[in-house]
Number of protein chains: 2
Amino acid sequence: MAERRGGRVTIKDIAERAGVSKGAVSYALNGRPGVSDDTRDRIVAIANELGWYPNRAARALSAARVDACGLVLARPARTLALEPFFMEFISGVESEFASHSIALTLQLVRDPHEEIAVYRRWFGEHRVDGVLVVDLRLDDPRVDELVRLGLPAVVVGGPVEGGVLPAIWHDEGSVVNEAIRYLAALGHTRVAHVTGVDTFVHTRQRVEAFRRAVRELGLEGDTVETDYSAQSGARATRKLLSSPSPPTAILFDSDLLAVTGLGIAQQMGFSVPDDVSIVGWDDSLISQVVHPPLTAITRDITAFGVAAARHLLDVVEGRAAGDVEMTRGELTTRGSTAPRVPSIAR
Amino acid sequence: MAERRGGRVTIKDIAERAGVSKGAVSYALNGRPGVSDDTRDRIVAIANELGWYPNRAARALSAARVDACGLVLARPARTLALEPFFMEFISGVESEFASHSIALTLQLVRDPHEEIAVYRRWFGEHRVDGVLVVDLRLDDPRVDELVRLGLPAVVVGGPVEGGVLPAIWHDEGSVVNEAIRYLAALGHTRVAHVTGVDTFVHTRQRVEAFRRAVRELGLEGDTVETDYSAQSGARATRKLLSSPSPPTAILFDSDLLAVTGLGIAQQMGFSVPDDVSIVGWDDSLISQVVHPPLTAITRDITAFGVAAARHLLDVVEGRAAGDVEMTRGELTTRGSTAPRVPSIAR
DNA sequence: CTGCATCACTTAACCGGTAAAGAGCATACT
DNA sequence: AGTATGCTCTTTACCGGTTAAGTGATGCAG
């Protein structure tokens, strides 16, 4: 084998073997006109035989594309590890990228400030063709920076003010509404909402929907904010349940929060679901393996990842922009929710 | 601003601004001799002002490095999402890579066969400088392929037969030994081990250590294999606990398995830890938030990721090869283990 | 005053692809 | 016959860096 640098096969090797020029090889392997079918077949056969793959760096240098997209996660590692959402989302993103031979470049950072620095670097280095931005915040500085750079991006989790970047999100409101109506139908009048980070747009959407539903149904409804960490979830649950008139049903904004809340409730002597009903979010197996299994808001996160990735590829190729609103999740009822037991019980 | 393609600043722009040649700019920005200090300072100042970053593709084409490393995960997405190990590991890997401006390219695949195809492509495309290989198997075909390709790699999870690839792993055996001795000291005589995938090297190590400890201590000790999925964990637990003389203590090979096992045990009417003690592995918050919190084998997974990444960078740069054995984990005791209640109780 | 380093830079080739422009030849048309 | 057209392939420039080799100018020793 005529192998060169690092054992890699280049189109030059193929050209020599086929007795044609580099240009002809390039035309042949890219399926473009300019070579006869005979020559093309011969070249393709040689390429396969030698196990040729296009050198990505070389291609990126002339073509504008690097065939890689990026995802930056700015949540604490410990939270990420426990939040099944991200791995499922990534797996959806991956499967879409893989079928287009696009690489996923992942980076974990500590805060949005670092995240912006990563975008600047990635753009300057031409490391990625585009990025997926998660956990959209109100007045998100990342949006301005991405627009300024001109780095193609799709924002996951809420429409962007002014529509300056294409976005994709779930209808969070109507499923919150469904969950609260379900709890009300079970007889609960004091409900609570343990939310995620308050400045995230999807948190706002959920909180607003929660407040609206509570108002419309004439319930009492507290809201407690967390930073998605287990500790803050434990604190929030403890605070709610130690109030003089604790809620009889709690909606949690993530699996991790819900499972933590369940543990705290049980530890405080509350029986779930007899004393307090619990509803989780992002129904993962964790919700199902705990005891009792959790009623939860289910959505197809992998499909969400697929859709986000596809949208980004469209944006990168200039095929489309605009926003995509995915169908809302569903409420899956399990053992952690039950009709409210009249207060004589306690 | 003299900006060109896609708004990116190139050394040509800097050269024009500074009134020098491209070569001089390259020398200046790479801290190599060949330019005066004055000129260097001027060039660096201009580069900073224009926000220049080296185009990675261009650099990769001449230098041999692409400054990216890869990680392929060949477990089902649903399992991955729930297994905190991987995200924690990735976060460790990431933090080490990030401090060297190395990108992490992640790919999820269905099986080792696809994984090999990814390595071939990555190597041919020159997408990565090296890879981290997880879940080492006996007679792992990936090892042969990586050796054949000459793609730098570090194997995570057990030494490679023949030492053909550098590896990094934990001492799994001695911590298993510690856990079983602890259970024996609590009075347990019938113990069980719910393992992961049997062909993984680290599973073998654990199983051997378990069998040795059981033999040495004169215990009865069943081993049941799973594929790490929650379903198979549930099945394994059900099988063990429905035997005529069920074990009074079970060691699970992962958090997910342990939590699932806990749920099944409780569902079957076993009290944990009174009827059966449970020990988990990879002590994540999940183990801590369930009820009772799980006794578990703890190890610093993030540090493991850091060490693996650092070892890979050494290998890529030809600085080192060889194997690294990390310190073993520790047993953290919590509420899921207790002294054995004499069998009169049941 | 010559000879020879040394310094500070420029020139040019190269990495491995892409793609526009050109060249040689056969066929088709007027 | 002359020329236009089309096809197939080659030549060449280019992407944005790196780097070996080359060039003037300066300094300094003999």
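Quick note on labels: first sequence line is chain A, next is B, and so on, each numbered from 1. Predicted, not measured: the structure shown is a model, and the values here were computed from it.
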Please determine whether a side-chain nitrogen or oxygen atom of B/N30 lies at a distance below 4.0 Å from atom OP1 or OP2 of D/dT18.
yes
The nucleotide from C/dT18, C/dG16, D/dG17 with an atom nearest the side chain of A/R59 is C/dT18
To the nearest Å, how far apart are A/R65 CZ and C/dG17 P?
18 Å
Just the rounded figure in Å: distance from C1' of D/dG16 to CZ of A/R127.
15 Å
Output one line per pair: protein atom, nucleotide atom from nucleotides 25-28 of chain C, and distance, for all N/O pairs under 3.5 Å.
none

Relative to each other, are the rings of B/F85 and B/F89 parallel, tilted or perpendicular (30° and 60° limits)?
parallel
Using a 4.0 Å heavy-atom cut-off across all strands, classify A/R56 as base, sugar-phosphate, or nothing.
nothing
B/V131 pairs by side-chain contact (heavy atoms from CB on, under 4.5 Å) with which of B/L146, B/V72, B/L71?
B/L146
What's the shortest heavy-atom distance between B/D129 and B/D67, and which atoms?
OD2-N, 2.7 Å
Between the base of C/dG17 and the side chain of A/K12, is there any donor-acceptor pair under 3.5 Å?
no
Would you give a per-nucleotide map of nucleotides 4-9 of chain D, 5' to 3', where B means the base has a protein non-hydrogen atom under 4.0 Å away, S means only the sugar-phosphate does, and - means neither?
----BB
The helix from C/dC1-D/dG30 to C/dT30-D/dA1: angle between its terminal axes, five pairs each, to 10°?
60°
Along DNA chain D (nearest heavy atom to each residue), the more 5'-positioned of B/A57 and B/G23:
B/A57
